[in-house]
There are 2 protein chains.
Amino acid sequence: MERSTRQGTAIRAAIEREGRPLSPQEVLEAARGEVPSLGIATVYRNLKDLLESGEIGLVALPGESPRYESRQAAGHHHHHFRCDRCGRVFDVQGCGGLSGIAVPPGFAVQRHEITLYGVCAECRAGQAADADEAAPSADAGCGHGHRH
Amino acid sequence: MERSTRQGTAIRAAIEREGRPLSPQEVLEAARGEVPSLGIATVYRNLKDLLESGEIGLVALPGESPRYESRQAAGHHHHHFRCDRCGRVFDVQGCGGLSGIAVPPGFAVQRHEITLYGVCAECRAGQAADADEAAPSADAGCGHGHRH
DNA sequence: CTACGTGCAAAAAGTTTGCAATCGC
DNA sequence: GCGATTGCAAACTTTTTGCACGTAG
């Protein structure tokens, strides 16, 4: 990327502003607030360039199309939470390690990816439907028997 | 979806026979050995039905298209390890929980997905290249600063 | 014989590419 | 003005759907 264009600026601003991983489509919608004529092709091209230049990071969740987040967020250690209701993805800080997982002998683990699934605060509040799963913080899962 | 057809049998047999997660395309190619006229649409329809009936499991890794594996493998609680060298995916048993991860207030975690990345035993032995990452078991990552 | 399942082709959905017009420098 | 960048549309890829025909029960 060389030139500074309104489109590129709007796209970068959108990702920075949202502070969470955005899909190309979400980026398009967010950036159109500044540049209504923005096309999806331009979004893809810009995302690709920003990714290569390291300005943004790629967030790939199991079975989902890729999302992009600001370098600031991508730079440090964190994982993701995906809301089953609204489909949005959020960053979650911290990582207590993976003790308990039995990697076969001889295997060298170099990094890992953790994705949490559930309902975000907004959806819980908005559609006060079920009140089964409580545990607002961490260690949900494992031991209960849900399938991962 | 009740009848026993040559196509359905071939598809199920292919997945069972391979013993590893297969993409729809791989299933098609494998099953065509028995039913040459098999079409991709039938593969998708069968996979969908088999998935719903629980006969096979879905394996979705970050950034990769979905794969399907036999129920035997998919049935119990486990996560996945993907070798950066050979690209193969292995099951890893156990799950020590997620304590340490700070989910935002109000968020309800219901399940999670963990994918480990590194080098499998076979690749480590075969291509004795680097010997940096040791930790054959668990808790690799976190604290080092690698991006997830 | 009945209707479920298949195969083919068209339709969606998501991403990339070709090109002429536009706009930054 | 020159050439990088954009927007639109067409090309691709992957998965789903509409339909008429074949075939299991």
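A, B, ... follow the sequence lines: proteins, then strands. Residue 1 opens every chain.
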Atom pair distance, as rounded to whole Å: [atom1] in [X] and [atom2] in [N]:
| X | N | atom1 | atom2 | answer |
| --- | --- | --- | --- | --- |
| A:Leu47 | D:dT5 | CG | P | 15 Å |
| B:Asn46 | D:dA24 | CG | C1' | 14 Å |
| A:Leu22 | C:dG14 | CG | P | 16 Å |
| A:Ile40 | C:dG14 | CD1 | P | 10 Å |
| A:Ile11 | D:dT6 | CD1 | C1' | 10 Å |
| A:Tyr44 | D:dT6 | OH | P | 16 Å |
| A:Leu28 | C:dT15 | CG | P | 12 Å |
| B:Glu29 | D:dT14 | CD | P | 12 Å |

Report the distance from atom CG of A:Leu61 to atom CD of B:Glu113, rounding to the nearest 0.5 Å. 10.0 Å

Distance, nearest 0.5 Å, that separates CZ of A:Arg32 from CD1 of A:Ile40: 7.5 Å

For a side-chain contact (heavy atoms from CB on, under 4.5 Å) check, start with the C-alpha distance between A:Phe81 and A:Val89, then their side-chain angles and the critical distance, and finish with the verdict. CA-CA 6 Å; A:Phe81 176 102; A:Val89 174; over 6 Å; no

With DNA chain D as reference, determine whether A:Arg32 or B:Thr5 sits nearer its 5' end, using the nearest nucleotide of each. A:Arg32

Assign each of B:Ser4 and B:Ser65 to its nearest nucleotide of DNA chain D by heavy atoms, then name whichever residue's nucleotide is nearer the 5' end. B:Ser65

Please tell me which of the listed nucleotides, D:dA24, D:dG7, C:dG24, lies nearest to the side chain of A:Arg3? C:dG24

Selected nucleotide, minimal atom distance to A:Thr42 side chain, candidates C:dC25, C:dC8, D:dG7: D:dG7

Under 4.0 Å between a side-chain N or O of A:Gln7 and OP1 or OP2 of D:dG7? yes

With sugar-phosphate meaning primed atoms plus P, OP1 and OP2, does A:Leu38 contact a base, only sugar-phosphate, or nothing at under 4.0 Å between heavy atoms? sugar-phosphate

5'-most contact on DNA chain C (nearest-nucleotide basis), A:Arg45 vs B:Arg6, goes to B:Arg6

Below 4.0 angstrom, N of the basic side chain to O of the carboxylate: do A:Arg17 and A:Glu34 qualify? yes

Between B:Glu26 and B:Arg67, is the closest basic N to carboxylate O distance under 4.0 Å? yes

